[in-house]
Amino acid sequence: MTVRVRFAPSPTGYLHVGAARTALYNYLFAHANGGTFILRSDDTDRARSTEEFQQDILDHMMWLGLDWDEGFGKGGEHGSYRQSDRYDRYRDVAHDLIESGSAYYSFATSEQLDGFKKAAREAGTSPAYDGSLEPGYGEVASRIAAGESAVIRFRVPRPGETRFSDVVRDDMVFDHKQVDDFVILRSDGTPTYHLASTVDDVDYGITHVIRGEDLLSSTPKHILLTQAMGAEPATYAHLSLLMGPDGKKLSKRHGDTAMSAYRTAGFLPEAIDNYLALLGWSVGDEEDRASMSEMVDRFDLNAVSKNPAVFDTQKLEWLNGVYIREMGDDDFVARTLAGVEDDLGRELTDDEASQFEAMVPLVKERTKLLPEVADQVRFLFTDIDTYDEKSWAKVMDKPEGPVALDAATAALSGLETWSTETIEGALRGVLEDTGLNARKGFQPVRVAISGSTVSPPLFESLEILGREESLNRIAAARSLL
RNA sequence: GGCCCCGUCGUCUAGAGGCCUAGGACGCCGCCCUCUCAAGGCGGUAGCGUGGGUUCAAAUCCCAUCGGGGCUACCA
């Protein structure tokens, strides 16, 4: 049997990190088993679905490298893979189900239903609607004939129970007393999620449904529906939910849940994929690092954890730093140059681009998030007209400030060749001459050329900045003392 | 309220009766390296929710309890 899995987000919001994790696990499972990963658009909630959300989901799936083999935007044997294009099919199924007695027209009003649920709650019994509020056969026929609108409900066989073996949760059993005669077709003729999703899973030959635990209690409905259609239910796997730092389901109020926020914050897709895999699965025995292909090789749905996982940004940042450090210099430039230019508000000249490239190895290991790059190299491309206040106070407004700058100027201006080695030699000489320790002797120079006590390594920075500019900056700072 | 799921360091996890005086990773703390900041190296901190069983032996099995979460829509 060829594995066919699907990720079926509703375009009612931006791609959420939790949804991205579900997509990733589907992707890993498909690839680990030589299967097909399908993307579907479950847009039956026409009021809340938008093209913008749909596009955001697509964009970020691609960005994360979660490319799909078949489905939305890519096509396949099953049309557009967009549910709103298949209303006729769902309606047909709903009516077939009425024919076969598995569903019925329901006239119960929401007031009646509320009363039913309230009574059940007070009595401490199951609040699941059992169809007991419906009119008799004859009346249904005449009311339909009279054109009265009704909803179509699935008739849950009672008594009874549905059993299934969930890949991550093992044996599950649901008493039908607890499951509603749920609506499959709304009064306006559009399908509900339960119907559309189940019909598609059947029609598309989905073999494994890997989704969030929030759908666990709906699974009996889907299985019952599938069986009523005369089909074999898929294998289900329900992933635990992602939690916020407060232990509650991860949501907007925990800050950023939209994948786009992480993208703009400067996270790498590789790092996010790796991190998301860690949330509910162990990538290796003593290692948390794994590339997509390594994850594909090792992925085992049975080994996925049942525990809900807290989304911890700190570890994500650490991983991001790891990936940045491992990136090739060229790749690093490609991914950060635009951000640097954006920060400057202009393009870099060829000479400046060379300076930037020279700085890359130094900057790479000091970067956790991409936008931090601009902060580190900005001093190369802009005049230092303001110095960081604390930095200035800490090293310049001290007796060693002018001493260090004067000595550095003397030592540096006499240099024949301007290189990291000669610069270091000259400045080390300053230490001996002035008796200052390295910290006191070097920090004033650092502030003079970069504006701050924190910068990339000093000697290299001086070399890259160039002799003339370096000496000018030291002189400018000195004149302020 | 009803039904369902889950419960190992602060966080993510390894652990499927003796290999566990519970391992790894992030974080945090300290030391080293060092021109700042990082990175790196070394060391440390911290956990089996609780109470009963079963067993020669339990983080691992059973029961109860407590705690957290999900669902309970003509949303998905």
Side-chain angles (χ1 to χ4, degrees), chain A residues 8-10 12-13 42-45 47-49 106 110 113 117-118 120-129 149-153 166 168-169 172-175 177-180 182-188 190-194 196-197 211-220 238 240-241 243 245 247-249 275 278-289 305-319 321-322 325 362-368 376 391 395 424 427-428 431 437-443 445-447 450 452-459 461:
Chain A
S10 292
T12 53
D42 280 17
D43 62 343
T44 49
D45 182 352
R48 294 192 297 146
S49 296
S106 169
S110 54
L113 257 14
K117 308 235 168 203
K118 196 175 166 219
R121 188 181 272 257
E122 278 162 8
T125 58
S126 168
Y129 180 53
S149 78
V151 105
I152 295 180
R153 282 182 193 279
D166 190 284
V168 346
R169 265 146 234 288
M172 302 286 355
V173 44
F174 287 87
D175 189 322
K177 273 200 299 251
Q178 303 298 335
V179 2
D180 269 300
F182 55 103
V183 174
I184 55 176
L185 205 69
R186 302 186 184 106
S187 49
D188 65 0
T190 62
T192 60
Y193 166 77
H194 299 303
S197 174
R211 57 179 14 173
E213 193 196 314
D214 50 341
L215 263 355
L216 184 58
S217 17
S218 296
T219 304
H238 288 91
S240 63
L241 268 14
M243 300 296 175
K248 299 255 196 275
K249 189 176 172 181
Y275 179 65
L278 256 27
L279 262 27
W281 181 48
S282 187
V283 152
D285 284 343
E286 308 256 284
E287 189 56 71
D288 284 341
R289 293 284 328 292
S305 163
K306 305 179 210 292
N307 316 16
V310 173
F311 189 81
D312 173 26
T313 318
Q314 277 190 315
K315 188 157 184 176
L316 210 206
E317 282 190 22
W318 164 76
L319 253 184
V322 171
R325 268 172 257 132
L362 271 21
V363 165
K364 216 166 58 176
E365 67 180 37
R366 293 173 166 73
T367 307
K368 270 207 178 107
Q376 298 177 72
S391 298
V395 305
E424 174 162 10
L427 291 181
R428 297 248 177 238
L431 262 31
N437 64 24
R439 182 180 225 103
K440 290 188 171 180
F442 296 160
Q443 284 298 72
V445 179
R446 186 188 305 282
V447 172
S450 76
S452 163
T453 48
V454 177
S455 83
L458 184 60
F459 314 129
S461 294

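We name chains A, B, ... by the order of the sequence lines, and we start the count at 1 in each one. Note that the coordinates shown come from a computational prediction; the quantities given were computed from them, not determined experimentally.
- Using a 4.0 Å cut-off between charged nitrogen and carboxylate oxygen, A/R48 and A/D43 do not count as a salt-bridge pair.
- A donor and an acceptor atom, one from each side chain of A/R439 and A/T453, are nowhere located under 3.5 Å apart.
- Of the P atoms belonging to B/G18 and B/U45, the separation is 26 Å, rounded to the nearest Å.
- Checking the phosphate oxygens (OP1, OP2) of B/G40, a side-chain nitrogen or oxygen of A/R325 falls inside 4.0 Å.
- Of the candidate nucleotides B/C12, B/G2, B/C26, B/G2 has the atom lying nearest to any side-chain atom of A/P127.
- Contact of A/R169 with B/C5 (side chain to base): no donor-acceptor pair of N or O atoms is detected under 3.5 Å.
- Straight-line distance between the C1' atoms of B/C61 and B/G23: roughly 23 Å, to the nearest whole Å.
- With rounding to whole Å, A/E317 atom CD is found 17 Å from B/C12 atom P.
- Between the C1' atoms of B/A46 and B/G27, the separation comes to 11 Å (whole Å).
- The nearest heavy atom of RNA chain B to A/L279 and to A/V183 marks one nucleotide each, and the one closer to the 5' end goes with A/L279.
- Comparing the same atom, P, in B/U50 and in B/G7 gives a spacing of 15 Å after rounding to whole Å.
- Within the shown strands, B/U72 is the pairing partner of B/G1 under the Watson-Crick or G-U definition, both distances less than 3.5 Å.
- Nearest to the side-chain atoms of A/S217 among the listed nucleotides B/C4, B/G70, B/C12 stands B/G70.
- Regarding contacts with the backbone of B/A73, a side-chain N or O of A/K117 is found under 4.0 angstrom from either OP1 or OP2.
- Contact annotation: A/N307 side-chain N/O to B/C6 OP1/OP2 distance is not under 4.0 Å.
- For A/K315, counting side-chain heavy atoms from C-beta on, the closest listed nucleotide (B/G2, B/U13, B/C12) is B/C12.
- Comparing B/C26, B/G24, B/A76 by their nearest atom to the side chain of A/D312 picks out B/C26.
- Checked against side chain to side chain donor-acceptor pair (under 3.5 Å), A/N307 has the following partners two or more places apart in sequence or in another chain: A/S305.
- Comparing the C1' positions of B/C20 and B/A57 gives a spacing of 13 Å, expressed to the nearest Å.
- Place A/D43 and A/F311 on RNA chain B by their nearest nucleotides, and A/F311 ends up nearer the 5' end.
- Across every strand in view, B/C28 sits in a pair with B/G44 that passes the Watson-Crick or G-U test at under 3.5 angstrom.
- A donor N or O paired with an acceptor N or O is found under 3.5 Å between the base of B/C37 and the side-chain atoms of A/R366.
- For A/S126, whose side chain is taken as the heavy atoms from C-beta onward, the closest listed nucleotide among B/C35, B/U13, B/G2 is B/G2.
- The CD atom of A/E213 sits 13 Å away from the C1' atom of B/C3 (whole-angstrom rounding).
- Nucleotide B/C33 is matched to nothing when pairs are restricted to Watson-Crick or G-U wobble geometry with both distances under 3.5 angstrom.
- Heavy-atom minimum distance, A/V168 versus A/K306: O-NZ, 3.1 Å.
- For A/T367 and A/Q376, the side-chain atoms include at least one donor-acceptor pair closer than 3.5 Å.
- Between the base of B/C71 and the side chain of A/S218 there is no donor-acceptor pair shorter than 3.5 Å.
- With a 3.5 Å ceiling on both atom-pair distances, B/C20 lacks any Watson-Crick or G-U wobble partner.
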Set out, in order, the CA-CA distance, both residues' side-chain angles and the distance that settles ring-ring contact (aromatic ring centres under 6.0 Å, His included) for A/Y193 and A/F182, then state yes or no. CA-CA 11 Å; A/Y193 166 77; A/F182 55 103; over 10 Å; no
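- Pair assignment for B/G49: B/U65, on the basis of Watson-Crick or G-U wobble contacts that are both within less than 3.5 Å.
- Atom P of B/C71 sits at a distance of 34 Å from the matching atom of B/C28, rounded to the whole Å.
- Nucleotides B/G70 and B/U65 place their P atoms 22 Å apart, quoted to the nearest Å.
- Between B/G49 and B/C6, the distance separating the two P atoms is 15 Å to the nearest Å.
- Checked by atom type, the side-chain pair A/R153/A/S106 shows a donor-acceptor distance below 3.5 Å.
- The side chain of A/T44 places an N or O atom within less than 4.0 Å of a non-bridging phosphate oxygen (OP1 or OP2) of B/A76.
- Checking B/G70, B/U36, B/C3 against the side-chain heavy atoms of A/Q178 singles out B/C3 as nearest.
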